[in-house]
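Notes follow once the structure below has been shown.
Whatever order the structure lists ligands and atoms in, that order sets their numbers, starting from 1.
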Amino acid sequence: MSERLEDIAAAIAPKGKGILAADESTGTIQKRLDSIGVASTEETRRDYREMLFRATQAMENYISGVILFDETLRQKAADGTPLADLIKATGAVPGIKVDGGAKPLAARPGENVTEGLDGLRERLAEYHALGARFAKWRGVIAISGTLPSRGAIQANAHALARYAALCQEAGIVPIVEPEVLMDGEPGDHSIDRCYEVTEHVLRTVFAELYDARVNLEGTVLKPNMVIDGKNARQASVEDVAEKTVRCLKATVPATIPGIAFLSGGQSDEEATAHLSAMNAGFDMPWNLTFSYGRALQAACLKAWGGKPENIAAGQRAFTHRAKMNALASAGNWSADLEQAA
Ligand code: 5MM
């Protein structure tokens, strides 16, 4: 594969394929495994992810890249093959989450800033040697009656830009993920409030990327959709699609090759329906695809349940969701395909 940033960015956010976000940190994967009654150990985490990466049909046809957690990039499959090699063998690109998580922002009660810039240059060099060709950093913005503050948005956007510039210096494509939460507390905000905050966040992020001299053609954006809070869900599929596209057109330069959404707590089918409606209904300068965590994995996790005899069932569930989202990334999904399956 070409090592040019522009080619890697185009390869991980194409039409008809998308990214599997399997970069749950230790605490998050523990929650996921707890939900199916499986203890989180290095081995169970490995087994779960090996099941995903060995779902050949899904990986070869519908998945362009996989975001990994540090532990996973260093792990080997049960037969000794590095997990990153399993991914590469399917034609997908291995990527790595490099942020250190969202931590309380000093003097800004209730708000967070993502940490992890110290030593990042050295870590990126090591990740490149281990085979990662793209990275991810997530900044988290919560909506409440009084938040977010301009200061917290600025701090998160600045960190995203410094991260992105360091990635490109290392020959790694940055996925820039400023997430305006739909599932934060209280989660009662309207879709219009989400629009307003998302617009401000994206404008600030692109101003910071410009100041940091980030090459947008070698960058992928991973935004939230413009959607109402989890406790106030009312907006129709058409409304989410129209407002999301309008907000992106107002803020995202056409030089970005691809936009890969997070699912953010939407149901599996909602996340697919929204993506498909955008691609079917609007002309856009960028490819619009998925970089889902929960919306690609929830059904698989449940079908597997930690039992070796359920590996094929888990892989079928993952393949189905990956296929539905791949169709959505070309605007070709419809609800009857879910029923047919
Ligand atoms: C897979 O979850 C990712 C890691 O989360 P933690 O750092 O909290 O463990 C997460 O960043 C994910 O890549 C994105 O938010 C998209 O995931 P969803 O589930 O929202 O599609």
Side-chain angles (χ1 to χ4, degrees), residues 12-13 18-35 40 45 48-49 52-53 62-73 87 92-104 112-116 132 134-142 156 159-160 163 173-184 187 194 198 201 220-227 229-230 240 244 258-275 288-302 318 321-322 324-326 328-329:
I12 61 173
I19 297 168
L20 166 63
D23 57 314
E24 297 85 358
S25 50
T26 314
T28 308
I29 192 70
Q30 174 158 2
K31 269 192 238 153
R32 304 279 184 270
L33 293 173
D34 278 353
S35 76
S40 178
R45 296 192 288 270
Y48 172 59
R49 277 136 176 179
L52 292 169
F53 309 154
Y62 313 125
I63 300 296
S64 54
V66 184
I67 316 174
L68 303 170
F69 186 56
D70 179 277
E71 174 187 83
T72 319
L73 184 61
I87 295 168
V93 183
I96 179 79
K97 182 235 293 295
V98 301
D99 68 62
K103 304 283 161 58
N112 291 316
V113 67
T114 301
E115 295 188 346
F134 72 97
K136 191 202 86 173
W137 178 290
R138 173 170 169 254
V140 182
I141 305 292
N156 277 288
L160 275 165
Y163 138 83
V173 165
I175 292 191
V176 171
E177 182 181 3
E179 177 174 6
V180 176
L181 294 174
M182 76 173 272
D183 68 351
C194 179
T198 304
V201 167
V220 171
L221 177 70
K222 176 165 173 169
N224 53 284
M225 294 183 194
V226 173
I227 192 166
K230 67 166 181 205
V240 171
T244 303
I259 296 177
F261 289 106
L262 58 93
S263 58
Q266 300 178 46
S267 73
D268 295 358
E269 211 170 307
E270 274 180 324
T272 308
H274 290 147
L275 178 62
L288 224 60
T289 188
F290 58 91
S291 174
Y292 294 161
R294 286 163 284 181
L296 268 178
Q297 295 185 54
C300 166
L301 194 63
K302 210 167 147 203
F318 169 50
R321 281 284 24 106
M324 294 298 104
N325 286 306
S329 80

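- The shortest contact between atom 18 (P) of ligand 1 and any protein heavy atom is with S263 OG, 3.3 Å.
- The closest approach between any non-hydrogen atom of G101 and ligand 1 is not below 4.0 Å.
- Which parts of ligand 1 touch E179 is read off a 4.0 Å heavy-atom cut-off, strictly below it: atoms 15 (O).
- Few gaps surround NZ on K103; more than 12 heavy atoms of other groups in view lie less than 6.0 Å from it.
- Near R294, with a cut-off below 4.0 Å to any heavy atom, the atoms of ligand 1 are 18 (P), 19 (O), 20 (O), 21 (O).
- For atom 16 (C) of ligand 1, the closest non-hydrogen atom of the protein is K222 NZ, 3.5 Å.
- Interface atoms of ligand 1 facing S25, defined by a heavy-atom separation under 4.0 Å, are 6 (P), 7 (O), 9 (O).
- Of the possible polar contacts, none joining the Y292 side chain to the A260 backbone as a donor-acceptor pair under 3.5 Å is found.
- Of the protein's non-hydrogen atoms, the one nearest atom 17 (O) of ligand 1 is G293 N, 3.6 Å.
- Listed for the K222 side chain is a donor-acceptor partner under 3.5 Å among the backbone atoms of S291.
- Close approach of ligand 1 to A21 (heavy-atom distance below 4.0 Å) involves ligand atoms 1 (C), 13 (O).
- S64 places a side-chain N or O within 3.5 Å of a backbone atom of G18 that can act as its donor or acceptor partner.
- The distance from ligand 1 to the heavy atoms of T28 drops below 4.0 Å at these ligand atoms: 6 (P), 8 (O), 9 (O).
- Residue L262 approaches ligand 1 through these ligand atoms, each under 4.0 Å from one of its heavy atoms: 16 (C), 21 (O).
- Under the side-chain hydrogen bond (donor to acceptor under 3.5 Å, both in side chains) criterion, E24 pairs with R49, Q297, sequence neighbours left out.
- Among K136, Q297, Q30, R138, the residue whose heavy atom lies nearest to atom 12 (C) of ligand 1 is K136.
- Partners of N224 according to the side-chain hydrogen bond (donor to acceptor under 3.5 Å, both in side chains) rule, which considers only residues two or more places apart in sequence or in another chain, are T198.
- With respect to atom 4 (C) of ligand 1, the closest heavy atom belonging to the protein is K97 NZ, 3.2 Å.
- The Y292 neighbourhood of ligand 1 comprises atoms 21 (O), with distances under 4.0 Å to a heavy atom of that residue.
- Here the protein heavy atom with the shortest distance to atom 2 (O) of ligand 1 is D23 OD1, 3.9 Å.
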Quiz item: Run the side-chain contact (heavy atoms from CB on, under 4.5 Å) check on L301 and R32 step by step: do they pass?
Solution: CA-CA 8 Å; L301 194 63; R32 304 279 184 270; 3.8 Å; yes

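- Considering only non-hydrogen protein atoms, atom 15 (O) of ligand 1 sits nearest to E177 OE2, 3.0 Å.
- Some N or O of G264 is nearer than 3.5 Å to an N or O of ligand 1, by distance alone.
- The closest donor-acceptor contact from the side chain of S267 to the backbone of E270 lies under 3.5 Å.
- When each of L262, I141, N156 is paired with E179, the side-chain contact (heavy atoms from CB on, under 4.5 Å) condition holds for L262 and for no other.
- Salt bridge status for R294 with D183: present, with a side-chain N to carboxylate O gap under 4.0 Å.
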